[in-house]
Number of protein chains: 2
Amino acid sequence: MQRLNFFSRFILGYGVRVTEPTGRRERKKAQTRQSLADAALELFLDRGYDQVGVKDIADAADVSVTTLFKHFSGKEALVFDQDDDLEAALVSAVRDRTPGTSIPQALREHILLNQTRFAVHATDPRFADFTRMVQETPALRDYAHRMWTRHEAALARAIAEAAGAPEDDLGCAALAHFALETRGLILRHAEPSRAADEAFALLEHGWAASHPAS
Amino acid sequence: MQRLNFFSRFILGYGVRVTEPTGRRERKKAQTRQSLADAALELFLDRGYDQVGVKDIADAADVSVTTLFKHFSGKEALVFDQDDDLEAALVSAVRDRTPGTSIPQALREHILLNQTRFAVHATDPRFADFTRMVQETPALRDYAHRMWTRHEAALARAIAEAAGAPEDDLGCAALAHFALETRGLILRHAEPSRAADEAFALLEHGWAASHPAS
DNA sequence: TGAAAAAGTTGAGTCGTTGCACTTATTGAG
DNA sequence: CTCAATAAGTGCAACGACTCAACTTTTTCA
């Protein structure tokens, strides 16, 4: 548990900013942030999200509540890493897809990989607890979903460009929306890869009907 | 503005419970509820959702805050009607579709009708304000979306039955999910009917590929 | 060295929401 | 008709997330 929100990047993708802090000030700031996130994760896993108050976390990290909110936009944000290059990865999955692959196929692969990457860690019981907590706490479930769908517009633009359609093409917007929405289906059902297959089968066939060769 | 949340049923559909209250007690209860909803609507439209506190609403309706929360589960609930037969309507749209219509087609028609019914009232400036407020206030936007997608499981079951698929068929679940998710696309874009066309084109073609005659 | 900038603290306050103990009005059964 | 059960409503205190304003301390850099 050395990293800030070590688990969380497996939930949403791999989007951790690695910019090393240079001066002493920034290092201290980063450290405070880290302490808060660590304390929060530990307390949350211990007692459950709703059983921990921000006060408890601030106390455990030995800072004031006000300071906590200077570092994190809200209680839920304590659980998740920033998703800085999540959008870039999404866009790149479409633009730089291996030739011969359709856009929906590329998205299926990318999203499935992203959302099931954590299966590798299924052996770690702490991690299982973490994912269960996220899925079972409405506030966290919603927050994760918002983070994930935040880049819909960018994805829609990337798709439009890749398909040679106008930037605001409705079909591309629809594909982007639906593709991101598969996350819910994939996470809910027991066999993620099969769920992804079924969901994207719909999208692939529908897409192929109007966009012959992309 | 005689009805409780007169506008709101046009946002989510037509789901107003019409069971007349019989005894004096129930009539009084209904009236209190009505007063609260009226006061809330008026204040919200006047000052904006976030600029009105529950205290203000309770005061305007001349009841205590505690009473307000006995009638409504939360501040957002003051804005929306109950959605009792919204689910029934959704299921019926699939099951009782006119013969020869595909399931996605039936859904497209039903959802589009449901979500754009309010266009009739576009002339009423108060109504325009109302919809704008709902779309621009995150809490309300999310709440409306939650209300709308609440019946996804029921819809999935209805689709499965209509298609002769197993009750927990993944393709049917996916169609249900996507179909309900078109709401966002439809509401966001300026030409709702065209947005619905594009979004459902994807779904219809994808669906037809695996479900020949339904 | 000295002053701007930024991190942190403290304490009070807002707002939605709940719990508790209480009063009052309505109802239905004897 | 009466009385006890039921349910609406009240007032108040509290909690938890979050914000604000005024202030101290630390770090930076010219």
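We name chains A, B, ... by the order of the sequence lines, and we start the count at 1 in each one. Below, all heavy atoms of this structure are taken into account, side chains as well, without hydrogens, waters or symmetry copies.
With respect to the salt-bridge test (charged N to carboxylate O, under 4.0 angstrom), the residues Arg194(A) and Asp197(A) do not qualify.
Residues forming a side-chain hydrogen bond (donor to acceptor under 3.5 Å, both in side chains) with Asp46(A) (at least two apart in sequence, or on another chain): none. Partners of Asp142(B) by side-chain hydrogen bond (donor to acceptor under 3.5 Å, both in side chains), not counting sequence neighbours, listed by chain and number: Arg146(A). Applying the ring-ring contact (aromatic ring centres under 6.0 Å, His included) criterion to Phe178(A), with sequence neighbours excluded, gives Phe178(B).
Between Phe44(A) and Tyr49(A), the ring-plane angle classifies as tilted under the 30° and 60° cut-offs.
Here the nucleotide nearest the side chain of Lys29(B), chosen from dT10(C), dA25(C), dA8(D), is dA8(D).
Rounded to whole Å, atom P of dG16(D) lies 12 Å from atom CD1 of Ile57(A). Nucleotide dG9(D) holds its C1' atom 16 Å from the CD atom of Glu26(B), rounded to whole Å. Per the geometry, CD belonging to Gln34(A) stands 17 Å off C1' belonging to dA7(C), to the nearest Å. If you measure from atom CG of Asp59(A) to atom P of dG16(D), you get 12 Å, rounded to the nearest angstrom. The separation between Leu43(A) atom CG and dA17(D) atom P is 12 Å, rounded to whole Å. The NE2 atom of His71(A) sits 8 Å away from the P atom of dT9(C) (whole-angstrom rounding). Look at CZ on Arg33(A): it is 16 Å from C1' on dG8(C), rounded to the nearest Å. Residue Arg27(B) contributes atom CZ, which lies 17 Å from atom P of dA25(C) at whole-angstrom precision.
Listed by first and then second residue, the side-chain hydrogen bond (donor to acceptor under 3.5 Å, both in side chains) pairs that reach into residues 65-79 of chain A are Ser64(A)-Thr67(A), sequence neighbours excluded.
Thr32(B) has no side-chain polar atom (N or O) that falls below the 4.0 Å cut-off from OP1 or OP2 of dA8(D). Taking only side-chain nitrogens and oxygens, Lys55(A) never comes nearer than 4.0 Å to OP1 or OP2 of dG16(D).
Asp50(A) comes within 4.0 angstrom of nothing in the nucleic acid, heavy atoms only. Residue contacts shown for Asp62(A) are limited to sugar-phosphate atoms, with no base heavy atom under 4.0 Å away.
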Between side-chain atoms of residues 52-59 of chain B and protein atoms elsewhere (two or more places apart, or another chain), which donor-acceptor pairs fall under 3.5 Å?
{"unit_1": "Lys55(B)", "atom_1": "NZ", "unit_2": "Asp59(B)", "atom_2": "OD2", "d": "3.4"}
{"unit_1": "Asp56(B)", "atom_1": "OD2", "unit_2": "Arg47(B)", "atom_2": "NH1", "d": "3.4"}
{"unit_1": "Asp56(B)", "atom_1": "OD2", "unit_2": "Gly53(B)", "atom_2": "N", "d": "3.0"}

Nucleotide N/O to protein N/O under 3.5 Å, stretch nucleotides 17-24 of chain C:
{"unit_1": "dT17(C)", "atom_1": "OP2", "unit_2": "Lys75(B)", "atom_2": "N", "d": "2.8"}

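Comparing Thr67(A) and Val52(B) by the nucleotide of DNA chain C whose heavy atom lies nearest to each, the residue mapping closer to the 5' end is Thr67(A).
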